[in-house]
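Here is the structure we will look at.
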Amino acid sequence: MTAEETLAKLAQEVSACTNCALHTSRKKSVPGDGPATAEIMFIGEGPGFHENEQGHPFVGASGKFLDQLLAQANLTRAEVFIANVVKCRPPSNRDPLPDELVACDKYLEAQIQAIDPSIIVTLGRFSMGKFISDVKISAVHGQMRKVGERYVIPMFHPAAALHQPQLKPSILGDFAKLPEQLNEARVALGKPIIEKKIREEVPDEKPKQMSMF
Ligand code: URA
Ligand code: SF4
């Protein structure tokens, strides 16, 4: 099975999953979006109201802000994979419970294995907790560290920055560092550095004739 097929199969499984209580109140499950070839994976907390309606991650207010943050990093949604630690909405956007995190982890784990990203950016403390324990996000945000075979960068949750405007410069600064960190991770993992074209070069409509006269 290709990575793409694995992701599609996982999305299918998630939509029928009844492994935790969150399935009883979900409207649409939100498995995650993005290409199987993504070099960076962003992992949030769980679907909110709009995500539960639409079945896609980060489509509400935090999603709008995430788009701005991605732009800071010279990234677009089309080239990253965005998922959550729980795939169904916790009622009233409450925190996911420990047993829900445990029940849903197999899907996230399988997504990570299929995509094999160089960098995982965790958004908020629940997704950070999957990779890094006993640290405060305020102390380690933006710092890249190796966890197993890849690199993890914990970041504040975009919603936290929306609610606490004093965090905004910090999260913007962390995202601005991402391109450099991605290159660092590529070098360390022995993956080639591909210079991203800022703009496609558009050739002149009619190439000028070289003429001696
Ligand atoms: N917040 C999250 O953590 N994930 C989403 O998908 C949307 C909002
Ligand atoms: Fe299944 Fe995860 Fe949804 Fe719980 S949150 S029902 S484990 S897909």
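All ligand and atom numbering here is 1-based and tracks the order in the structure.
Listed by number with element, the atoms of ligand 2 under 4.0 Å from a non-hydrogen atom of C104 are 2 (Fe), 5 (S), 7 (S), 8 (S). With ligand atoms numbered from 1 in the order given, ligand 1 contributes 6 (O) to contacts under 4.0 Å with heavy atoms of P57. Remark: ligand 1 atoms within the under-4.0 Å shell around heavy atoms of E45 are 2 (C), 3 (O). Within ligand 2, counting atoms from 1 as listed, the ones closer than 4.0 Å to a heavy atom of A103 are 7 (S).
Under 4.0 angstrom from ligand 1, the non-hydrogen atoms of E51 all belong to its side chain.
Among S15, C17, S25, P96, the residue whose heavy atom sits closest to atom 1 (Fe) of ligand 2 is C17. Comparing G44, P158, A83, G46 against atom 5 (C) of ligand 1, the shortest heavy-atom distance belongs to G46.
L167 contributes atom CG, which lies 13.5 Å from atom CE of M155 (distance to the nearest 0.5 angstrom).
Residue contacts with ligand 1: V30 is excluded, as none of its non-hydrogen atoms falls under 4.0 Å. The shortest heavy-atom distance from A159 to ligand 1 is not under 4.0 Å. Under a 4.0 angstrom heavy-atom cut-off, H157 registers as being in contact with ligand 1.
A donor-acceptor pair shorter than 3.5 Å can be found between the side chains of Q113 and E109. Residues Q111 and K106 have side chains that never bring a donor and an acceptor to within less than 3.5 angstrom of each other. Looking only at atom types and distance, the side chain of S118 has a donor-acceptor partner in the side chain of K191 under 3.5 Å away.
Salt-bridge annotation for K28 and E53: absent, with no side-chain N of the basic residue lying under 4.0 Å from a carboxylate O of the acidic one.
When ring centroids are compared, H157 and F58 come within the 6.0 Å threshold.
Panel note: side chain Q164, backbone A161; no donor-acceptor pair is recorded below 3.5 Å. In this structure, D33 contributes its side chain and I82 its backbone to no donor-acceptor pair below 3.5 Å.
On a distance-only criterion, S62 and ligand 1 share no N/O pair closer than 3.5 Å.
Counting protein heavy atoms only, atom 3 (Fe) of ligand 2 is closest to C88 SG, 2.4 Å.
At a cut-off of 2.8 Å, C20 is counted among the residues with an N, O or S atom near atom 4 (Fe) of ligand 2.
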